[in-house]
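This report concerns only the one structure given below.
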Amino acid sequence: MASNERSIDYATIEMLDKAENDGVGTAFGRAASMKPCPIGGEGSCCKMCAMGPCRLPSAKNRSETAQQRDERRGVCGATIETIAARNFVRMIAGGTAAHSDHGRSVAHTFLAAAKGEDSNFSIVDEQKLLQVALDFGIAIEGRSARDIAIDVGEAAIEEFGKTHGTLRFLNRAPLKRQQIWKEQEVEPRSIDREVVESMHRTTMGVDMDYEHLFQQGTRTALADGWGGSMLATELQDIMLGTPVPVRGKVNLGVLRPDTVNIIVHGHEPLLPEMLVVACQDPELIALAKAKGAEGGINLGGICCSANEVLMRHGVPLAGNMLQQELAVVSGAVESMVVDVQCVMQSLPKVAECYHTEIVTTSSRAKIAGAVHIDFDESKPLEAAREIVRRAINRYPMRQKALVNIPQHSMDLVAGFSHETINYLLGGLFRASYRPLNENIINGRIRGVAGVVGCSNPRVKHDDAHAKLVRELIKNDVLVIQTGCAAMACAKLGLMTPEAAHLHAGPGLAEVCEAVGIPPVLHMGACVDNSRILMAATAMVKEGGLGDDLSDLPVAGAAPEWMSEKAIAIGQYFVASGVYTVFGVSWPTLGSEEVTRWLFEGMGAIYGGRWAFEPDPEKMARLMIDHIDSKRKALGLDKARERVLFDMEMRRELEAV
Ligand code: SF4
Ligand code: MSK
């Protein structure tokens with residue numbers, strides 16, 4: 001397959017061609033040569049015990065009687081419904097474990113920082129500390145920030161393994177939503193417990209009623225969104241600063257010639273924060289220059305580590321998940337520093353062809369062929385300085401003949417935390433979601449869409465993100481993004497204020513131009529999907545758009561998802577009342593009954609439901625139709641007609 005059929009991104013296309021010339025294999029090539037297993041892909045393969053694996057091909061294209069169908073079971077008698085549900089719940093458990101283990105390490109570092117133990121971190125955002133303390137029911141009156149922070153840190157750590165009650169952040173949701181969770185008995189009790197119970201209930205011979213399994217899956221996903229992920233986001237903000245709008249650059253063109261290039265990749269922002277400090281150290285810059293790197297040291301990022309340091313420091317984004325190998329292929333990266341999640345095991349293999357050193361830093365993740373420098377959370381700056389020094393020492397090994405930095409990069413504005421949206425729209429002294437709600441009510445903004453998730457070589461890289469988001473903003477839907485999806489759209493210039501008049505419908509463009517924001521807002525990393533929950537909750541609490549998250553004219557999507565984390569995120573959005581559409585493939589298609597339950601049954605219970613649509617234009621239509629149905633239910637369809645059903649405006653819109 002030609003490179004331009006694999007990606008719409010010019011930098012990626014150039015590096016894929018270079019990889020081929022250099023004889024380097026990448027995920028794109030492996031995906032093309034390895035056909036996915038159709039039975040596993042539909043969620044119908046069970047390998048929970050050694051009587052199997054049991055593969056139950058889907059009933060599609062089969063003419064079988066109900067009895068024959070009923071007899072199609074695993075060795076233990078498990079039905080296709082049970083197998084599909086168990087696999088799905090295990091994906092949720094995996095995703096929740098990943099986000100939440102990240103949250104746990106942040107909580108431990110937070111507590112150490114609060115206590116003033118030997119740590120390079122401190123309490124930066126006191127206002128947010130007080131807010132979290134209030135949500136946790138911790139007294140703040142007349143107490144020092146230090147004492148409050150210690151209580152918050154201890155309470156946060158407790159959330160992972162407490163033996164009584166339910167998660168504290170559930171009380172942030174609208175009251176009606178809390179009531180639904182209570183009635184459905186899906187309030188998470190503690191984060192670890194829900195992951196463990198999901199693993200228990202999906203093992204051989206335990207829970208064999210798919211609806212009952214999904215109840216546990218939902219409870220586990222809520223432990224992610226309103227638990228582990230939300231804790232990670234909030235504690236990081238208190239320690240590292242709540243993001244505010246910041247200009248940055250994105251794509252492999254941010255790598256620099258004659259400069260030591262270091263890439264951070266993964267998810268946890270604590271070491272990258274220290275790398276930001278180390279890369280500015282005059283002594284290390286002087287050392288880099290002494291080694292011949294006249295440009296000094298350049299830090300960039302891949303995946304969510306990148307999003308974190310972009311939002312707080314303007315560190316450039318080198319690219320999204322599928323560009324990790326390609327950054328090395330540029331021949332201009334001295335060191336790629338990885339921690340956890342979305343890291344490819346092929347990196348050391350790719351690095352063998354160049355001079356790049358792959359450095360693992362988490363005690364939870366090592367890769368054969370990489371160097372391991374443990375990120376000791378009590379001495380993080382020391383680890384960061386060692387990593388930078390090693391990168392500098394590799395610069396003289398750079399092989400000029402193998403260097404080719406693609407000349408593609410794009411400006412963007414990032415850092416739209418939900419607090420920032422509050423200030424930007426309402427002003428510093430009357431911060432509020434009122435202007436956003438009013439613009440939705442008067443129809444200038446049709447609704448809000450969260451477009452998140454990964455990149456996946458099973459589909460054309462960045463293509464679905466681009467088509468979906470362009471269609472949404474053209475139809476006056478404000479888009480908020482996190483993760484690799486955010487980078488895909490940033491590379492196209494959709495995260496610049498100028499994108500409003502170039503690509504947005506007239507109503508959305510008017511609002512964006514008045515406030516000076518892009519029509520597509522970068523809200524951060526994958527754990528920061530919790531910011532989207534908070535923004536949606538703020539919209540409900542502001543009033544005028546119903547009294548629950550499921551009343552809002554909003555929708556979610558992950559058009560190029562690949563990770564178990566995406567399934568956990570989708571499930572907590574659906575269980576929070578949000579209509580959520582996924583592309584690529586759907587992991588329960590082997591069971592019509594289970595799929596129907598997720599696509600329709602959940603809607604009846606939670607007001608949010610799943611949908612699957614790989615075509616991005618059809619996906620946009622589904623989301624816009626859903627938004628319009630919510631507008632109608634709120635009685636806002638008339639208001640919108642006044643604004644948009646003007647023919648001249650329509651013609652202008654079509655011409656964009
Ligand atoms: Fe097969 Fe049942 Fe074992 Fe799964 S648990 S592998 S369906 S025997
Ligand atoms: S990094 S989970 S590929 S969004 Fe958060 Fe990107 Fe998906 Fe990883």
Listed pairs under 3.5 Å, donor-acceptor, residues 220-229 side chains, sequence neighbours left out:
residue: T220; atom: OG1; partner: E194; partner atom: O; Å: 3.2
residue: T220; atom: OG1; partner: S198; partner atom: OG; Å: 2.7
residue: T220; atom: OG1; partner: Q216; partner atom: O; Å: 2.8
residue: T220; atom: OG1; partner: Q216; partner atom: NE2; Å: 3.3
residue: D224; atom: OD1; partner: H99; partner atom: ND1; Å: 3.2
residue: D224; atom: OD1; partner: S229; partner atom: OG; Å: 2.6
residue: D224; atom: OD2; partner: H99; partner atom: ND1; Å: 2.7
residue: W226; atom: NE1; partner: S576; partner atom: OG; Å: 3.0

Side-chain donor-acceptor contacts of residues 78-89 below 3.5 Å, not counting sequence neighbours, with atom names and distances?
residue: T79; atom: OG1; partner: E81; partner atom: N; Å: 3.4
residue: T79; atom: OG1; partner: T82; partner atom: N; Å: 3.1
residue: T79; atom: OG1; partner: T82; partner atom: OG1; Å: 3.1
residue: E81; atom: OE2; partner: R69; partner atom: NH2; Å: 2.9
residue: E81; atom: OE2; partner: S591; partner atom: OG; Å: 3.2
residue: T82; atom: OG1; partner: M208; partner atom: O; Å: 3.4
residue: N87; atom: ND2; partner: G43; partner atom: O; Å: 3.0
residue: N87; atom: ND2; partner: C45; partner atom: O; Å: 3.0
residue: N87; atom: ND2; partner: I83; partner atom: O; Å: 3.3

Strictly by modelled atom types, are S3 and D17 linked by a side-chain donor-acceptor pair under 3.5 Å?
yes
Would you mind writing out the side-chain donor-acceptor pairs for residues 482-489 within the sub-3.5 Å range, not counting sequence neighbours?
residue: T482; atom: OG1; partner: N529; partner atom: OD1; Å: 2.8

Side chains of M623 and L468: closer than 4.5 Å at any heavy-atom pair?
yes
Please list, chain by chain and in numerical order, all residues satisfying side-chain contact (heavy atoms from CB on, under 4.5 Å) with E211, sequence neighbours excluded.
D209, W597
Does any pair with a residue in residues 614-623 pass side-chain hydrogen bond (donor to acceptor under 3.5 Å, both in side chains), and if so which ones, sequence neighbours excluded?
R621-D625
Taking the six-membered ring of F599 as reference, does the NZ or CZ atom of R596 fall below 6.0 Å from its centre and within a 45° cone about the axis?
no
If we check ring pair (Phe, Tyr, Trp, His ring centres under 6.0 Å) with W610, which of these qualifies: W561, F582, Y579?
F582
Under 4.0 Å between a Lys/Arg side-chain N and an Asp/Glu carboxylate O for R609 and E600?
no
I'd like to check the side-chain contact (heavy atoms from CB on, under 4.5 Å) partners of N21; sequence neighbours left out, ordered by chain and number.
none
Check whether any side-chain N or O of D339 sits under 3.5 Å from a backbone N or O of E268 as a donor-acceptor pair, and report yes or no.
yes
